[in-house]
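In what follows, a single structure is set out as structure tokens and then discussed.
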Amino acid sequence: MPVNIEELLYFMYTICMNKKATITHARTCVYNVNYHIVWSVKYRRKVLNKEIEQYLKTLFQEIAEEKGFKVVMMEVGDQDHIHVFASAHPKVSPSYIVKMLKGISGRKLFWRFPEIKEKLWKGHLWNSSYYIETIGSISEEAIKKYIAKQKKGGE
């Protein structure tokens, strides 16, 4: 199916100009890969107070820098769950991001704040599951329309 190069270039230019600050240039690709990740404390215990939240914000930045991704934003919700906005190179899997954030932070929180172990049992801080959603600079509907238009142009 022939591709209208001018239309494709205009489409890509529009994306880049609208979201220039979020576009990352790597050696082999240009990308804007973002995730909204949410997970909760085991048994939904309300153990994430302000002091722990501040520590987690710093810790998540350190983990992200060391492991090759970015934590753009992080907040604690209702003292029992975490919201993270993360950005990564396409080669970094979302499950790796979650594994690093949950695994390292769980160990370090128990070490630094041993009192939270009293509210939890079996030595687990985080619930084993999580919610993840991709975040893009343009809507799903806009992409579908653009792709559908390609077929019409080729007929």
Side-chain angles (χ1 to χ4, degrees), residues 8-147:
L8 179 61
L9 289 174
Y10 178 75
F11 178 72
M12 296 308 293
Y13 173 81
T14 303
I15 290 172
C16 290
M17 291 301 103
N18 289 340
K19 295 294 180 181
K20 202 174 209 175
T22 60
I23 299 294
T24 304
H25 295 265
R27 192 174 70 79
T28 59
C29 64
V30 178
Y31 64 92
N32 179 24
V33 180
N34 305 296
Y35 305 102
H36 175 210
I37 309 165
V38 183
W39 69 86
S40 65
V41 172
K42 193 86 168 176
Y43 318 113
R44 295 300 290 245
R45 301 284 189 221
K46 296 187 182 302
V47 297
L48 305 176
N49 60 34
K50 290 289 181 195
E51 183 182 6
I52 291 173
E53 179 178 12
Q54 284 309 115
Y55 176 71
L56 280 173
K57 286 183 178 187
T58 303
L59 181 59
F60 281 9
Q61 292 301 324
E62 292 170 4
I63 294 167
E65 186 176 329
E66 182 182 317
K67 301 300 181 183
F69 58 92
K70 293 178 188 170
V71 171
V72 179
M73 188 176 183
M74 173 272 186
E75 293 295 333
V76 168
D78 202 23
Q79 294 188 344
D80 67 357
H81 66 281
I82 303 276
H83 286 266
V84 174
F85 183 114
S87 180
H89 187 284
K91 71 180 180 184
V92 178
S93 75
S95 61
Y96 176 80
I97 295 169
V98 174
K99 181 180 177 181
M100 292 300 105
L101 292 175
K102 288 172 73 174
I104 295 169
S105 67
R107 284 190 305 278
K108 290 193 174 192
L109 278 176
F110 277 151
W111 180 79
R112 183 159 177 170
F113 302 96
E115 65 275 10
I116 61 178
K117 272 190 175 179
E118 296 169 17
K119 296 183 179 182
L120 300 162
W121 53 91
K122 298 184 182 177
H124 298 287
L125 174 63
W126 304 122
N127 190 323
S128 60
S129 62
Y130 61 93
Y131 169 80
I132 189 161
E133 179 175 27
T134 56
I135 304 164
S137 60
I138 55 175
S139 72
E140 179 181 337
E141 195 57 37
I143 294 289
K144 287 179 180 177
K145 285 180 182 177
Y146 176 76
I147 293 171

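Since the model is a prediction, treat every value here as computed from it, not as a measurement. Hydrogens, waters and symmetry mates play no part in the numbers below; they use all other heavy atoms, side chains included.
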4.5 Å side-chain heavy-atom contact, [X] and [Y]:
X    : Y   : answer
I82  : F60 : yes
Y131 : S40 : no
R44  : H81 : yes
Y35  : V98 : no
C29  : H89 : yes

Expected output: side-chain [X] to main-chain [Y] donor-acceptor under 3.5 Å:
X    : Y    : value
S87  : V33  : yes
E53  : E75  : no
K102 : N127 : yes

Measure the spacing between [atom1] of [X] and [atom2] of [Y] and express it to the nearest 0.5 Å.
X    : Y    : atom1 : atom2 : value
F85  : E133 : CZ    : CD    : 11.0 Å
Y130 : K99  : OH    : NZ    : 11.0 Å
T134 : N34  : OG1   : CG    : 9.0 Å

List the atom of [X], the atom of [Y], and the distance in Å for their closest heavy-atom pair.
X    : Y    : result
H124 : F110 : C-CZ, 3.8 Å
K67  : I104 : CE-CD1, 3.9 Å
S129 : W39  : O-CB, 3.8 Å
E51  : N49  : N-OD1, 3.1 Å

In this structure, are over 12 heavy atoms from other groups packed under 6.0 Å from [X] atom [atom1]?
X    : atom1 : value
K119 : NZ    : no
E65  : CD    : no
K57  : NZ    : yes

**Message:** Ring-plane angle category for H83 and H36, please: parallel below 30°, perpendicular beyond 60°, tilted otherwise.
**Reply:**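 Answer is parallel, since the angle falls under 30°.
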**Prompt:** When you look at W126 and L109, which way does the side chain to side chain contact (heavy atoms under 4.5 Å, CB included) test go after all the steps?
**Reply:** CA-CA 11 Å; W126 304 122; L109 278 176; 4.1 Å; yes
**Option among I52, V41, L48 that satisfies the side-chain contact (heavy atoms from CB on, under 4.5 Å) test with V76** =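 Checked I52, V41, L48 against V76; only one passes side-chain contact (heavy atoms from CB on, under 4.5 Å): L48.
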**Request:** Test K108 against every option in I63, L125, L56, L59 by the side-chain contact (heavy atoms from CB on, under 4.5 Å) rule and name the one that passes.
**Result:**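 The passing option is L59.
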